[in-house]
Amino acid sequence: MLTNTRMFAIELLKSYKKIFKYKDLESITGLPAPALWRYINMKIIPSSERAQELIRKLTSPSVINKIFENNLIVVDGTIFNLSKIIYNVNILKIFSYIAYREFSRYNITAVATVEVDGIPIAVNVADVLDAKLVIARRRPDVGVKNYYQTSYIARDPPAVINLFLPATSLDSNDRVLIVDDLLNTGRTSLALIRLIRMAGATPIGIFSILAVGNKWKEVLKDQVEKIYVIKHIPISE
């Protein structure tokens, strides 16, 4: 868990160094490479003021957009492949730090996602928030007897999707952040919210790497306290 701003800035720099060159970081931060090297290797620790400035610059929309420009695969303008993002450990760390910035004050105790593609980012967010990880699956695990179950209709291809959540995953005191790689219709997240409520827990927020279109907004707007999307791509619907 990131307990102070100064370490938050250092961890961000470490992750950025794995995907950008020093000259890029110099341009982003306004600091010379030797100073950045000393921070990254913890030879010195930035002051609180410098750390806050580093975090602001490293998580600015222009820098985050650069990550998407380099890694998001766009197919015909409406289909998006996130594989280069969700399987890149350093990008996931950067995005999880954004989740920490946005949701740490909400006292999250559990991070929930639906298998499969949401798992990598959910693992990282759960780690940085020091929360337990809860995964809803499309079929029951062998050996687990008690489940909460719900279903929703998938759009493409049309199908009824069942979701199962082990009854012991959550309790009534849990405050849950839903994490996913992609928001589209919002139906999957809404189904997960139903499961969380069946368990007696409280869905607090939704955090997603990418959101496409606006249908999800209408479906989810009154369901949680906060929705945060790193990248939103509006399309004609």
Quiz prompt | Heavy-atom closest pair, residues L92 and I209 | solution = CD2-CD1, 4.4 Å

Quiz item: With no hydrogens and no angle check, is any side-chain donor or acceptor of N214 less than 3.5 Å from a backbone partner on K217?
Solution: no

Practice problem: Output yes when a side-chain donor or acceptor of N71 lies under 3.5 Å from a complementary backbone atom of I67, and no otherwise. | Solution: yes

Exercise. Measure the CG-OG distance between L183 and S208 for me, rounded to the nearest 0.5 Å.
Key: 4.0 Å

Quiz prompt | Side-chain donor/acceptor of D141 to backbone N/O of V144, under 3.5 Å | solution = no

Quiz item: Counting only N and O atoms by type, is there a donor-acceptor contact under 3.5 Å from the side chain of N41 to the main-chain atoms of K43?
Solution: no

Exercise. Using ring-ring contact (aromatic ring centres under 6.0 Å, His included) as the criterion, point out the one residue from F68, Y228, F207 that pairs with F95.
Key: F68

Quiz item: Any link between V75 and I85 through a network of hydrophobic side chains (Ile, Leu, Val, Met, Phe, Trp, Tyr) touching at under 4.5 Å?
Solution: no

Practice problem: Group every Ile, Leu, Val, Met, Phe, Trp and Tyr by side-chain heavy-atom contacts under 4.5 Å, then state whether Y147 and V134 land in the same group. | Solution: no

Quiz item: Rounded to the nearest 0.5 Å, what separation is found between the OG atom of S15 and the CG atom of N90?
Solution: 5.0 Å

Quiz item: Among all residues two or more places apart in sequence or in another chain, which pass the ring-ring contact (aromatic ring centres under 6.0 Å, His included) test with Y22?
Solution: none

Quiz item: What do the steps show when you test D127 against L133 for side chain to side chain contact (heavy atoms under 4.5 Å, CB included), and what is the final call?
Solution: CA-CA 9 Å; D127 180 56; L133 178 65; over 6 Å; no

Quiz item: Should L210 and L177 be regarded as members of a common hydrophobic cluster, given that ILVMFWY residues are connected when their side-chain heavy atoms come within less than 4.5 Å of each other, either directly or indirectly?
Solution: yes

Quiz item: Looking only at side chains, do K231 and N65 share a donor and an acceptor under 3.5 Å apart?
Solution: yes

Quiz prompt | Straight-line distance of L190 CG to R187 CZ, nearest 0.5 Å | solution = 10.0 Å

Practice problem: Could you tell me the separation between the CG atom of L31 and the CZ atom of R38, rounded to the nearest 0.5 Å? | Solution: 10.0 Å

Practice problem: Identify the heavy atoms of G118 and D181 that sit nearest to each other, and give their distance. | Solution: N-OD1, 4.0 Å

Quiz item: Who pairs with E49 by salt bridge (Lys or Arg N to Asp or Glu O under 4.0 Å), at least two apart in sequence or on another chain?
Solution: none

Quiz item: Under the 3.5 angstrom rule, does the side chain of S169 hit a backbone N or O of P166 as a donor-acceptor pair?
Solution: yes

Quiz item: Do you know the tightest heavy-atom contact between L58 and V63?
Solution: O-CG1, 3.6 Å

Exercise. Please list, chain by chain and in numerical order, all residues satisfying side chain to side chain contact (heavy atoms under 4.5 Å, CB included) with P158, sequence neighbours excluded.
Key: none

Exercise. Cation-pi check, K226 to F103: give yes when NZ or CZ is under 6.0 Å from the six-membered ring centre and within 45° of the ring axis, no otherwise.
Key: yes

Practice problem: Give the minimum heavy-atom separation between N81 and L72, together with the two atoms involved. | Solution: O-CD1, 3.7 Å

Self-check item: F80 and I73, any side-chain heavy atoms less than 4.5 Å apart
Solution: no

Quiz item: Is there a side chain to side chain contact (heavy atoms under 4.5 Å, CB included) between W216 and N184 once you walk through the steps?
Solution: CA-CA 6 Å; W216 56 274; N184 195 326; over 6 Å; no

Quiz item: Do I135 and I119 come close enough that some side-chain heavy atom pair is under 4.5 Å?
Solution: yes

Practice problem: Indicate if V160 and L192 have the same hydrophobic cluster label, given that clusters are the connected sets of ILVMFWY residues with side-chain heavy-atom separations under 4.5 angstrom. | Solution: no

Quiz item: From E225 CD over to I227 CD1, what is the distance, rounded to the nearest 0.5 angstrom?
Solution: 11.5 Å

Self-check item: Side chain to side chain, V74 and I79, heavy atoms closer than 4.5 Å
Solution: no

Quiz item: Do the non-hydrogen side-chain atoms of I10 and P46 ever get within less than 4.5 Å of each other?
Solution: yes

Quiz item: Does E218 come within less than 4.0 Å of K215, counting only side-chain N to carboxylate O?
Solution: no

Quiz item: Can any side-chain N or O of R6 pair as donor or acceptor with the backbone N or O of A51 at less than 3.5 Å?
Solution: no

Quiz item: Does some side-chain heavy atom of V219 sit less than 4.5 Å from a side-chain heavy atom of T185?
Solution: no

Quiz item: Hey, does Q52 have a side-chain heavy atom less than 4.5 Å from the side chain of I55?
Solution: no

Quiz prompt | L195 and F164: CA distance, side-chain angles, deciding distance, side chain to side chain contact (heavy atoms under 4.5 Å, CB included) verdict | solution = CA-CA 8 Å; L195 288 175; F164 299 86; over 6 Å; no

Quiz prompt | Heavy-atom side-chain proximity of K14 to M42 below 4.5 angstrom | solution = yes

Quiz item: Using a distance-only test with no angle check, is there a side-chain donor-acceptor pair under 3.5 angstrom linking T150 and R194?
Solution: yes

Practice problem: Check I121 against S96 and note the closest heavy-atom contact, atom names and distance. | Solution: CD1-N, 4.3 Å

Practice problem: Apply side chain to side chain contact (heavy atoms under 4.5 Å, CB included) to the pair L170 and I196, showing each step before the final yes or no. | Solution: CA-CA 8 Å; L170 295 168; I196 291 166; 4.1 Å; yes

Exercise. Test K93 against N124 for side chain to side chain donor-acceptor pair (under 3.5 Å), laying out the working first.
Key: CA-CA 6 Å; K93 285 182 178 179; N124 281 270; over 6 Å; no

Exercise. State the CZ-OH distance between F8 and Y97, to the nearest 0.5 angstrom.
Key: 8.0 Å

Quiz item: Do the side chain of R137 and the main chain of L163 share a donor and acceptor less than 3.5 angstrom apart?
Solution: no

Practice problem: May I ask you to check whether D174 and T109 show a side-chain donor-acceptor distance below 3.5 Å? | Solution: yes

Quiz item: Is a side-chain donor or acceptor of T5 paired with a backbone partner of S48 at a separation under 3.5 angstrom?
Solution: no

Self-check item: Flag for R197-Q223: side-chain donor and acceptor within less than 3.5 Å
Solution: yes

Quiz item: Under 3.5 Å, side chain of T202 to main-chain N/O of I204, donor-acceptor pair present?
Solution: no

Quiz item: Would the number of heavy atoms belonging to other residues, nucleotides or ligands and lying under 6.0 Å from CZ of R50 be above 12?
Solution: no

Quiz item: Same cluster for F20 and V89 if Ile/Leu/Val/Met/Phe/Trp/Tyr side chains link at under 4.5 Å?
Solution: no

Self-check item: Minimum-distance pair of heavy atoms, taken over all atoms of R138 and V116
Solution: NH1-N, 4.0 Å

Quiz item: So with a 6.0 Å cut-off around NZ of K132, is the heavy-atom count from everything else above 12?
Solution: yes

Quiz item: More than 12 foreign heavy atoms under 6.0 Å from CD1 of I153: is that the case here?
Solution: no

Quiz prompt | Validation row: K23, S27 side chains within 4.5 angstrom (heavy atoms) | solution = no

Practice problem: Decide whether T59 and R101 meet the rule of one side-chain donor and one side-chain acceptor closer than 3.5 Å. | Solution: yes

